[in-house]
S.K.: 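Sharing a structure with you now.
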Amino acid sequence: MSVLVYVENAEGKFKKSIFEAVSYAKSVAAQLDTSLIAISIGNVAQDELAKLAKYGANKTLNVNTEQLKTFVNQAYASVIAEAAKKENAEVVVLSNSFSGKGLAPRIGVKLEAAVISGAIELPDTTGGQFKVKRSAFSNKAFATVEATSKVKVISLTPNAYQVIEKAGEGNIEDFNAPVDQQDLKAVIKEVVRATDKVSLPDAELVVSAGRGLKGPENWGMIEELASLLGAATACSKPVSDADWRPHSEHVGQTGIAISPNLYIAIGISGAIQHLAGVSSSKVIVVINKDPEAPFFKVADYGIVGDAFEIVPKLIEAVKSLKANA
Amino acid sequence: MKILVCISNVPDTTTKITFNNDNTSFNEGGVQYVLNPYDEIALSRAVELAESNSGTVTVINVGEASTEPTIRKALAVGATDAVRVNAAPRDAYFVAQQIANYAKDKAFDLILTGRESIDYNGAQVAAMLGELLHIPSVSIIKKLNIEGGNAVVEREIEGGKEVLSIPLPIVAGTAEGVAEWKIPNMRGIMSARTKPLNVVEPISVEQLAQIVKFDTPAPRGSVKLIDAAEPEKLIDLLHAEAKVI
Ligand SMILES: Cc1cc2nc3c(=O)[nH]c(=O)nc-3n(C[C@H](O)[C@H](O)[C@H](O)COP(=O)(O)OP(=O)(O)OC[C@H]3O[C@@H](n4cnc5c(N)ncnc54)[C@H](O)[C@@H]3O)c2cc1C
């Protein structure tokens with residue numbers, strides 16, 4: 001028996017959400033009294049792979065072949081499922097990233113495993129049961145799912161589990177699973193990845209703005225505040241609908257759901273569909289000139305006032321906080 | 001070009017989510033059901049592609065008879081015909097198995113789902129279908145075009161995008177950007193009444209998981225207001241009290 005964790009790389013590096021997944025998988029392995037095996041696919045340097053042992057990987061399978069250098073959903077799912085079989089894995093853990101969302105269900109079908117996506121807590125394994133809490137109803141509720149299959153596939157919501165360092169050793173082995181040509185049909189034509197900015201789904205801090213900002217020309221101060229804080233930027237739906245901001249920044253029921261440590265909402269009314277995507281943020285700050293804006297009902301901190309006056313002052317305050325740090 | 005769009009019947013986005021039977025089931029009382037917004041985007045794109053490639057769009061729903069108004073809406077938006085698999089949609093695996101069973105011998109060129117349903121948010125059906133039908137799947141796409149025998153899709157990745165070309169047939173889960181929501185016109189609504197809606201019986205599927213309990217998030221404490229004249233206090237609180245910056 002074992003627990004297997006898939007460690008996705010972005011341009012050869014592991015992000016924090018991957019170390020969260022490894023830490024989570026290590027805790028699951030400890031609960032089941034077994035070892036943790038990581039599988040990496042693509043071109044990742046040995047020193048990067050060696051980091052996985054620090055979070056509890058007892059062994060890392062390294063799949064670094066020409067065919068699998070870039071992500072192909074089908075082929076990656078096949079290789080991960082093969083590794084799970086070879087290592088007799090009872091639980092397979094992935095990060096619920098965009099790629100993870102494509103992989104987990106395919107791996108689940110291959111292994112006849114229950115797929116629990118968007119897990120937010122460790123499983124309850126008392127008495128041999130296997131129950132996992134996940135978010136449901138677009139973050140308006142949680143559902144506890146009991147898996148009854150022998151193998152379980154879990155995808156972990158980013159920022160839901162902390163990174164835990166463990167003193168431990170792990171070795172790295174090459175792993176070569178045969179790949180079927182049928183699984184390699186997708187051809188990547190172009191990849192665009194902004195590496196200078198914090199990506200929204202992984203972000204710990206998010207500065208978001210809505211229609212109250214009046215127009216795209218006013219986002220300079222939002223970007224400045226975000227970059228000073230090391231935060232990602234987000235927006236409400238009407239803002240991306242009007243092309244003031246890219247669709248990838250749209251959060252909410254029909255955008256992406258996020259759960260950062262801090263969400264600052266500026267000039268956003270707090271419609272139920274918007275809240276659905278952000279209400280699991282740990283701390284919520286609202287800046288709105290309307291004291292009746294529904295967002296204040298779910299906020300931890302609020303300022304009733306004009307964003308155009310307040311945000312520049314916040315920028316100054318963050319600068320002086322950093323200067324004194 | 002034959003397109004299949006998988007649609008789900010979900011509580012309206014403004015629904016207050018509550019549970020009953022000791023928090024083991026969703027309280028349907030007074031809930032208005034709608035076509036899942038992401039499926040609506042998939043359907044809109046499917047109708048556009050069918051128009052420009054002289055194709056057909058079949059919508060499929062796994063649901064009991066109560067979902068028929070939602071299926072009729074999909075027909076009004078422009079689907080050619082509809083299929084309802086007569087069963088309560090137990091979970092994503094069950095739904096994917098039913099749809100795969102229906103689709104396996106029908107030679108669809110393109111199968112679309114929404115990126116996820118707004119009730120259970122599993123985002124699983126598209127990739128499960130791909131696996132069950134042994135064809136490629138892309139779980140979240142923001143653009144979709146057909147070029148010859150290939151689907152050219154743009155998929156979201158953290159902090160960016162990836163453009164892929166994949167030979168048909170494929171399954172794809174669609175998100176915003178793929179199309180605009182279409183509002184059915186009067187002619188669409190009238191013709192929807194007479195378009196074929198076939199009801200088929202489900203196959204049996206092994207149950208791998210089950211929801212045993214629901215919870216709602218703990219209510220937040222009341223908001224701490226900071227005077228607009230001293231916004232710098234907010235930064236102090238976030239640093240010293242909330243310890244998030
Ligand atoms: C099916 C469906 C799905 C939806 N999905 C989403 C979703 O995923 N995400 C989403 O965001 N929305 C979604 N919506 C839309 C949602 O209902 C709201 O319309 C939207 O969130 C409002 O955006 P907003 O708060 O930016 O704009 P508004 O509601 O116009 O609010 C602007 C706010 O800015 C404040 N303001 C104005 N000027 C200033 C100023 N100078 N300083 C400070 N504050 C100011 C105003 O007081 C107001 O509260 C959805 C709607 C539907 C029907």
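Just so it is clear, the model here is predicted, and its values are computed rather than measured. Worth knowing before you read on, the calculation uses all heavy atoms, side chains too, and leaves out hydrogens, waters and symmetry mates. Quick note on labels: first sequence line is chain A, next is B, and so on, each numbered from 1.
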S.K.: Are more than 12 heavy atoms from other residues, nucleotides or ligands located less than 6.0 Å from atom NE2 of His239(B)?
M.R.: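 No, NE2 of His239(B) has 12 or fewer neighbouring heavy atoms, counting only those of other groups under 6.0 Å.
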
S.K.: Any chance you could measure Glu154(B), atom CD, to Ile140(B), atom CD1, to the nearest 0.5 Å?
M.R.: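 Reported to 0.5 Å precision, the distance equals 13.0 Å.
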
S.K.: Is the Phe137(A) to Phe142(A) ring centre distance short of 6.0 Å?
M.R.: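 They do not qualify: ring centres at least 6.0 Å apart.
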
S.K.: Does Lys322(A) reach the main-chain N or O of Leu228(A) with its side chain, forming a donor-acceptor pair under 3.5 Å?
M.R.: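 Checking the backbone N and O of Leu228(A) against the side chain of Lys322(A), a donor-acceptor pair under 3.5 Å is found.
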
S.K.: Between Ile170(B) and chain A, with a heavy-atom cut-off of 4.5 Å, which part of the residue counts as in contact: side chain, backbone, both or neither?
M.R.: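 Ile170(B) has no heavy atom closer than 4.5 Å to chain A.
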
S.K.: Using heavy-atom distances under 4.5 Å, tell me whether Leu314(A) contacts chain B through its side chain, its backbone, both, or neither.
M.R.: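 Contact with chain B: backbone and side chain both.
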
S.K.: So which of Lys237(A), Glu309(A), Lys131(A) has the largest heavy-atom pair count under 4.5 angstrom toward chain B?
M.R.: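 Sorted descending by pairs with chain B, the first entry is Lys237(A).
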
S.K.: Could you tell me whether a side-chain N or O of Gln74(A) sits under 3.5 Å from a main-chain N or O of Ser137(B), the two making a donor and an acceptor?
M.R.: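 Not at all, since once roles are kept as given, no pair shorter than 3.5 Å links the two residues.
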
S.K.: Would you mind checking which part of Thr15(B) comes under 4.5 Å of any heavy atom in chain A, side chain (CB onward), backbone (N, CA, C, O), both or neither?
M.R.: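 Backbone only.
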
S.K.: Against chain B, label Ile284(A) side chain, backbone, both or neither, depending on which of its atoms sit under 4.5 Å from a heavy atom there.
M.R.: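 For Ile284(A), backbone and side chain are both near chain B.
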
S.K.: Side chain from CB out, backbone as N, CA, C, O: work out which of these in Ala104(A) comes under 4.5 Å of a heavy atom of chain B, or both, or neither.
M.R.: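 Nothing of Ala104(A), per the 4.5 Å heavy-atom cut-off to chain B.
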
S.K.: Tell me which of these, Ile166(B), Leu238(B), Asp227(B), Val223(B), has more heavy-atom pairs under 4.5 Å with chain A than the rest.
M.R.: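 Greatest number of close heavy-atom pairs with chain A: Val223(B).
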
S.K.: List the atom of Ala209(B), the atom of Asp91(B), and the distance in Å for their closest heavy-atom pair.
M.R.: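 Heavy-atom minimum between the residues: O-OD2, 3.5 Å.
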
S.K.: First locate atom CD1 of Ile235(B), then atom NZ of Lys233(B), and finally report the distance between them rounded to the nearest 0.5 Å.
M.R.: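 It comes to 13.5 Å.
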
S.K.: Between Arg134(A) and Val145(A), is there a donor-acceptor pair closer than 3.5 Å when you use the side chain of the first and the backbone of the second?
M.R.: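 No, because the side chain of Arg134(A) does not come within donor-acceptor range (under 3.5 Å) of the backbone of Val145(A).
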
S.K.: Among Gly114(B), Gly122(B), Gly221(B), Pro37(B), which has the most heavy-atom pairs under 4.5 Å with chain A?
M.R.: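 Looking at each option in turn, the highest pair count goes to Gly122(B).
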
S.K.: Could you look at Pro219(B) and say if it's the side chain, the backbone, both or neither that has a heavy atom under 4.5 Å from chain A?
M.R.: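 It is neither, since no heavy atom gets under 4.5 Å.
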
S.K.: Just give me the residue among Leu164(B), Thr13(B), Val10(B), Val153(B) that pairs up with chain A most often, heavy atom to heavy atom, under 4.5 Å.
M.R.: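 Of Leu164(B), Thr13(B), Val10(B), Val153(B), Thr13(B) has the most heavy-atom pairs under 4.5 Å with chain A.
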
S.K.: Heavy-atom distances under 4.5 Å only: say whether Leu321(A) touches chain B with side chain, backbone, both or neither.
M.R.: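 Side chain only.
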
S.K.: Given heavy-atom pairs under 4.5 angstrom as the criterion, report whether the side chain, backbone, both or neither of Phe214(B) touches chain A.
M.R.: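 The answer is both parts of Phe214(B).
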
S.K.: Looking at Ala123(B), is its backbone amide N or carbonyl O close enough to the side chain of Ser117(B) to form a donor-acceptor pair, meaning the two atoms are under 3.5 Å apart?
M.R.: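 Side chain of Ser117(B) to backbone of Ala123(B), a donor-acceptor pair under 3.5 Å: no, none is there.
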
S.K.: Checking heavy atoms, do the side chain of Asn261(A), its backbone, both or neither come under 4.5 Å from chain B?
M.R.: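 Contact with chain B is through both the backbone and side chain of Asn261(A).
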
S.K.: For a quick test of reading the model, state the closest non-hydrogen atom pair linking Ser280(A) to Ile258(A) and the distance between them.
M.R.: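 The answer is OG-O, 3.6 Å.
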
S.K.: So for Asp241(A), is it side chain, backbone, both, or neither that comes closer than 4.5 Å to the heavy atoms of chain B?
M.R.: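 It is the side chain, since no backbone atom gets that close.
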
S.K.: Highest number of heavy-atom pairs under 4.5 Å with chain A: which of Lys161(B), Lys142(B), Glu116(B)?
M.R.: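 Most pairs with chain A among the choices: Lys161(B).
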
S.K.: So which part of Pro136(B) gets closer than 4.5 Å to some heavy atom of chain A, the side chain, the backbone, both or neither?
M.R.: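 Contact with chain A is through both the backbone and side chain of Pro136(B).
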
S.K.: Could you look at Lys150(A) and say if it's the side chain, the backbone, both or neither that has a heavy atom under 4.5 Å from chain B?
M.R.: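 Neither the backbone nor the side chain of Lys150(A) comes within 4.5 Å of chain B.
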
S.K.: For Ile17(B), which atoms come within 4.5 Å of any heavy atom of chain A: side chain, backbone, both, or neither?
M.R.: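 Just its side chain gets close to chain A.
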
S.K.: Non-hydrogen atoms of chain B under 4.5 Å away: do they reach the side chain of Val285(A), the backbone, both or neither?
M.R.: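 The side chain, not the backbone.
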
S.K.: Donor-acceptor pair, distance only, cut-off 3.5 Å: does the side chain of Asp39(B) make one with the backbone of Val5(B)?
M.R.: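 No, the answer is negative, given that no donor and acceptor are paired below the 3.5 Å cut-off.
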
S.K.: Measuring heavy-atom distances to chain A, does Glu206(B) have an atom under 4.5 Å in its side chain, in its backbone, in both, or in neither?
M.R.: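 Interface part for Glu206(B): side chain.
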
S.K.: Angle class for the Phe71(A)/Tyr76(A) ring planes (parallel below 30°, perpendicular above 60°, tilted otherwise)?
M.R.: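 Answer is perpendicular, since the angle exceeds 60°.
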
S.K.: How about CG on Asp22(B), more than 12 heavy atoms from neighbouring residues, nucleotides or ligands closer than 6.0 Å, or not?
M.R.: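 No, not enclosed.
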
S.K.: Checking the side chain of Asn159(A) only, and the main-chain atoms of Ser259(A) only, is there a donor and an acceptor separated by less than 3.5 Å?
M.R.: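 Side chain of Asn159(A) to backbone of Ser259(A): a pair is present.
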
S.K.: Ala242(B) versus chain A, heavy atoms under 4.5 Å apart: side chain, backbone, both or neither?
M.R.: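 For Ala242(B), the contact with chain A is made by backbone and side chain together.
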
S.K.: What part of Gln129(A) lies closer than 4.5 angstrom to a heavy atom of chain B: side chain, backbone, both or neither?
M.R.: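 Nothing of Gln129(A), per the 4.5 Å heavy-atom cut-off to chain B.
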
S.K.: For Lys133(A), is it the side chain, the backbone, both, or neither that has a heavy atom closer than 4.5 Å to a heavy atom of chain B?
M.R.: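 Side chain only.
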
S.K.: Mind ranking Gly160(B), Ser139(B), Ser165(B) by heavy-atom pairs under 4.5 Å with chain A and telling me who comes out on top?
M.R.: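 Between Gly160(B), Ser139(B), Ser165(B), the count favours Ser165(B).
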
S.K.: Check whether Leu234(B) gets within reach of chain A through its side chain, its backbone, both or neither, counting any heavy atom under 4.5 Å.
M.R.: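 Just the side chain, heavy atoms under 4.5 Å.
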
S.K.: So what's closer than 4.5 Å to chain B heavy atoms on Asp202(A): side chain, backbone, both or neither?
M.R.: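 Side chain only.
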
S.K.: Taking side chain as everything from C-beta outward and backbone as N, CA, C, O, which of these in Lys16(B) sits under 4.5 Å from a heavy atom of chain A? Side chain, backbone, both or neither.
M.R.: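 No part of it gets close to chain A.
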
S.K.: If you count heavy-atom pairs within less than 4.5 Å of chain A, which of Ala92(B), Ala126(B), Pro11(B), Gly130(B) leads?
M.R.: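 That would be Gly130(B).
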
S.K.: Is any side-chain N of the basic residue among Glu316(A) and Lys313(A) closer than 4.0 Å to the acidic one's carboxylate O?
M.R.: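 The answer is no: the pair does not qualify as a salt bridge.
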
S.K.: How far apart are the closest heavy atoms of Ala103(B) and Ile111(B), and which atoms are they?
M.R.: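 Ala103(B) and Ile111(B) have their closest heavy atoms at CB-CD1, 4.2 Å.
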
S.K.: Would you say Ser95(A)'s side chain and Ile18(A)'s backbone share a donor-acceptor pair under 3.5 angstrom?
M.R.: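 No; zero donor-acceptor contacts below 3.5 Å.
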
S.K.: Return yes when atom CD of Glu112(A) has more than 12 non-hydrogen atoms of other residues, nucleotides or ligands closer than 6.0 Å, and no otherwise.
M.R.: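 No, because the 6.0 Å sphere around CD of Glu112(A) holds 12 heavy atoms or fewer from other groups.
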
S.K.: Tyr38(B) versus chain A, heavy atoms under 4.5 Å apart: side chain, backbone, both or neither?
M.R.: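 Just its side chain gets close to chain A.
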
S.K.: Between Ile256(A), Asp183(A), Ile303(A), Val311(A), which shows the greatest number of heavy-atom pairs under 4.5 Å with chain B?
M.R.: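 Maximum pair count with chain B is reached by Ile303(A).
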
S.K.: Where does Glu204(A) contact chain B at under 4.5 Å (heavy atoms): side chain, backbone, both or neither?
M.R.: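 No part of it gets close to chain B.
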
